Amino acid sequence: SQELEQSPQSLIVQEGKNLTINCTSSKTLYGLYWYKQKYGEGLIFLMMLQKGGEEKSHEKITAKLDEKKQQSSLHITASQPSHAGIYLCGADAALYNTNAGKSTFGDGTTLTVKP
Amino acid sequence: NAGVTQTPKFQVLKTGQSMTLQCAQDMNHEYMSWYRQDPGMGLRLIHYSVGAGITDQGEVPNGYNVSRSTTEDFPLRLLSAAPSQTSVYFCASALRGNGYTFGSGTRLTVV
């Protein structure tokens, strides 16, 4: 069973619009990573959230961890074509306090930003 | 600082051939992992290691072997390639409790 579920699977937005991507865990979540992948390339680490209620920002991207809901959201403000790509959430089992080193990822959300 | 280096970037194999995908990192990271990425299947963990001499199976280990004789290197061996192993392979490394650094990937086609 999928441990991390992302929604939506894909998203098309007009440049300048805001958007939100969600990542829900089937297990208690002690922390979460967000990555971005451009087509044909490796994943780029965006940020890590470790505490319930923690919120971090990287340029115009903000992510928050809601530990009680076992969910994280990634919000992009005033989207630009450079934001286009695949966004993946991930967790290392160490963050679940078990099986350190065993990582899992959501299936990704493909973001298209129309100029 | 090279980060995570994967070689080769592209490879075509015939069914039944064997090969090794190389992965090296120069960041002294404890954790190293191999993933395959397929359309509609997301990123799936093949094998991982939490330190030199220690490896464990991930979600899809069949048909692959790994070893971790040094902290820096984590090669992935395909014993007898099958068309189902056509995929993009990523290696990644991390310090415990930190985000993973990914290599640029190896695109493998098995014909």
Side-chain angles (χ1 to χ4, degrees), chain A residues 1-10 21 23 26 29-51 54 56 58 61 63 65 72 74 85-110, chain B residues 2-7 9-10 21 23 25 27 29-61 66 68 71 74 87-107:
Chain A
S1 62
Q2 186 72 16
E3 292 183 4
L4 294 174
E5 294 277 355
Q6 283 186 240
S7 62
Q9 280 189 313
S10 62
I21 298 168
C23 177
S26 60
L29 203 52
Y30 296 100
L32 192 87
Y33 310 113
W34 281 100
Y35 296 85
K36 179 185 176 183
Q37 183 181 29
K38 290 194 173 180
Y39 179 75
E41 299 179 12
L43 281 68
I44 303 297
F45 175 71
L46 292 176
M47 60 191 84
M48 175 181 173
L49 304 166
Q50 285 185 289
K51 306 172 192 174
E54 184 175 22
K56 284 188 177 177
H58 173 73
I61 301 173
L65 178 62
S72 177
L74 184 136
I86 303 170
Y87 289 83
L88 295 94
C89 60
D92 189 286
L95 295 176
Y96 294 109
N97 289 337
T98 61
N99 287 25
K102 188 173 185 180
S103 52
T104 186
F105 289 83
D107 282 349
T109 296
T110 301
Chain B
V4 177
T5 302
Q6 283 185 242
T7 55
K9 291 193 183 301
F10 301 94
L21 307 185
C23 177
Q25 54 94 4
M27 299 170 285
H29 284 174
E30 309 150 275
Y31 295 177
M32 293 189 77
S33 301
W34 275 103
Y35 307 86
R36 58 178 292 174
Q37 189 174 36
D38 304 288
M41 302 291 285
L43 207 60
R44 292 182 291 169
L45 182 65
I46 304 171
H47 286 284
Y48 67 101
S49 168
V50 297
I54 306 169
T55 63
D56 208 342
Q57 295 181 352
E59 185 184 351
V60 288
V66 292
R68 183 109 181 260
T71 300
F74 192 44
S87 186
V88 181
Y89 291 85
F90 289 102
C91 177
S93 71
L95 285 172
R96 181 187 172 96
N98 289 274
Y100 279 81
T101 299
F102 279 77
S104 57
T106 296
R107 192 172 294 272

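Every value quoted in this text rests on a predicted model; they were computed, and no experiment measured them. Each chain gets a letter, A, B and so on, in the order its sequence line appears, and its residues count up from 1.
- Contact annotation for B/Q57: only backbone heavy atoms (N, CA, C, O) come within less than 4.5 Å of a heavy atom of chain A.
- Contacts between B/R44 and chain A at a heavy-atom distance below 4.5 Å are absent for every atom of the residue.
- For the pair A/Y87/A/L46, a side-chain contact is recorded, criterion being any heavy-atom separation below 4.5 Å from C-beta on.
- Looking at every heavy atom in both residues, A/I21 comes nearest to A/Q6 through CG2-NE2, 4.0 Å.
- Side-chain polar atoms of A/S103 and B/Y31 form no donor-acceptor pair below 3.5 angstrom.
- Between chain A and the residues B/V88, B/L43, B/V4, the most heavy-atom pairs under 4.5 angstrom are made by B/L43.
- A/K56 contributes no side-chain N or O that, together with a main-chain N or O of A/L49, makes up a donor-acceptor pair within less than 3.5 Å.
- Contacts between A/Q37 and chain B at a heavy-atom distance below 4.5 Å involve the side chain alone, from C-beta outward.
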